[in-house]
Amino acid sequence: MPEFPEIRLTQEHADLKKWARDFANREVLPLAEKIDRSDEYPFALEKKMGEYGLLGISVPKEYGGLGMDLTGAVIVGEEIARASLSASFIMGVQNGLAGSALSLYGSDDQKSKYLPGLVKGDIIGAYGLTEPGAGSDAAGISTKAEKQGDSYVINGSKIFITKGAVADLLVFFARTGTAEDGAAGISAFVVEKGTPGFRVGQKLEVMGARGTATAELVFENCRIPAENLVGHEGDGFLIAMVILGKSRIGAAAAAVGIAEAALDQSLDYAVKRKIFGRPLSKQGVIRFMLADMATRTKAAKLLTYHAATLHDSGEEFMKEAAMAKYFASETAVWVAERAIQIHGGYGVSRALPLERYMRDAKILDIVEGTSEVQRWILSKELLDGE
Ligand SMILES: Cc1cc2nc3c(=O)[nH]c(=O)nc-3n(C[C@H](O)[C@H](O)[C@H](O)COP(=O)(O)OP(=O)(O)OC[C@H]3O[C@@H](n4cnc5c(N)ncnc54)[C@H](O)[C@@H]3O)c2cc1C
């Protein structure tokens, strides 16, 4: 599909886009089906992404990252997700969640200890906010961090953690205050794999973004040094929300990538497939379907790039991030479903990636705040001025 001229990329961004698409086609696409079917974590691919700088797009250059803006991360995320959502998750958690949290809020020691390894892929990072009893209601987490001398003792568990089963390092959130303190009683920490009392619990099989080692993580009297606190006590909820606000734009970009891949394949198929003696693309219903798919994909892309541009110019972006996240993820589900319809029986067969697109897109509708949560954020801002 032709690029949208409305999104005027700088030369640096345009070069990055071309480079990311080449990388995705060469290194990611050939592995996409295997990652999905086997549900096995692609360690070698992650390492390769590290060699090429993709795991540290937003990490400052002094720690080995590319030091790019969010638009750069969005461009790469979109291109990688066109090939494999799983690969874009692996990259996004490393760069946009664990890497961003430490880049923005970590101490100098934490940055120099962890960021270079995260960027290269020598350290696999994860981000643990969600708990069995608190997903959308993130301020309701109950994992406890109790200060004892110069340590914190952690008890509780995290669920649905991407890369959780393989992570060397977890940036996580726990309650240093009481339940009554709500969001103000939450703090951010890091914990390393192998710390006594910290273990992988259940491994979770999910319908999409497969091969990303989604797991439960358990803390049982896990003692970590006080210097593992990220930022200050009580900053945790703010840190979680700032990081999630940014990464929602990344999730929207991944959704755009899936929608574009589904649309491209549908346009191609509609021209090639002959039905009743003429190409499918001559059927009015199919033409309109493709027109709708292109329009919604374009709208999602414009919202996504607009939100990233606002962020990069230092303007308020949370509202637009919420709009982009839910619109793009719902669009990706819808476009993937239409693509399956256009392909008929081939669309539902596993010989084509279209059913994977639909399963993957649905994951984006849930992670980093469901579509309902995004609408809730927006409605509060629109109606209550919050
Ligand atoms: C594949 C995958 C990977 C993930 N990776 C991570 C990760 O790396 N780190 C991490 O911390 N978390 C991760 N998550 C967790 C994810 O962020 C949560 O699943 C998500 O935020 C929803 O929380 P929940 O599952 O507890 O659902 P709930 O919060 O229980 O929501 C249930 C339903 O209620 C709706 N709902 C909630 N609030 C409202 C409201 N105010 N108004 C109307 N409806 C509402 C929701 O939209 C949903 O439909 C991952 C999840 C998945 C599936």
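Whatever order the structure lists them in is the order used to number ligands and atoms, beginning at 1.
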Visitor: Could you tell me whether Glu131 and ligand 1 have an N or O pair separated by under 3.5 Å?
Guide: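 In this structure, Glu131 places no N or O atom under 3.5 Å from an N or O of ligand 1.
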
Visitor: Does any N or O atom in Thr214 lie less than 3.5 angstrom from one in ligand 1, N or O only?
Guide: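 Between Thr214 and ligand 1, no N or O pair is found under 3.5 Å apart.
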
Visitor: Given the protein's heavy atoms, is any one of them under 4.0 Å from atom 40 (C) of ligand 1?
Guide: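 No, because not a single protein heavy atom sits under 4.0 Å from atom 40 (C) of ligand 1.
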
Visitor: Counting heavy atoms only, which part of Ser136 comes closer than 4.0 Å to ligand 1: side chain, backbone, both or neither?
Guide: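 Both backbone and side chain.
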
Visitor: With only distance considered, is Leu129 within less than 3.5 Å of ligand 1 through an N or O on each side?
Guide: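 By distance alone, the answer is yes.
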
Visitor: May I ask you to list the atoms of ligand 1 that are less than 4.0 angstrom from any heavy atom of Glu368?
Guide: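 Going through ligand 1 atom by atom, the ones under 4.0 Å from Glu368 are 17 (O).
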
Visitor: Would you compute the distance between atom CZ of Arg199 and atom OG of Ser157 and round it to the nearest 0.5 angstrom?
Guide: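 Rounded to the nearest 0.5 Å, the CZ-OG separation comes to 9.0 Å.
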
Visitor: Among protein heavy atoms, which lies nearest atom 20 (C) of ligand 1, and at what distance?
Guide: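 Of every protein heavy atom, Ile366 O, 3.5 Å lies nearest to atom 20 (C) of ligand 1.
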
Visitor: Does one side chain, of Glu368 or Tyr127, offer a donor that lies under 3.5 Å from an acceptor on the other?
Guide: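 Absent: no donor and acceptor within the cut-off.
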
Visitor: Any N/O of Asp137 closer than 3.5 Å to an N/O of ligand 1?
Guide: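 Not met; the criterion fails.
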
Visitor: Where does Thr370 meet ligand 1, judged by heavy-atom distances below 4.0 Å: at the side chain, the backbone, both, or neither?
Guide: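 It is the side chain that touches ligand 1; the backbone stays farther off.
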
Visitor: Hey, does Phe160 come in under 3.5 Å of ligand 1, counting only N/O atoms on both sides?
Guide: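 Yes.
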
Visitor: If the plane angle is over 60° it's perpendicular, under 30° parallel, otherwise tilted; pick one for Trp19 and Tyr52.
Guide: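 Trp19 vs Tyr52 ring planes: tilted.
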
Visitor: Answer with yes or no whether the side chains of Thr10 and His13 bring together a donor and an acceptor at under 3.5 Å.
Guide: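 Yes.
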
Visitor: Quick one: does Val367 get within less than 4.0 Å of ligand 1, heavy atoms only?
Guide: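 A heavy atom of Val367 does come that close to ligand 1.
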
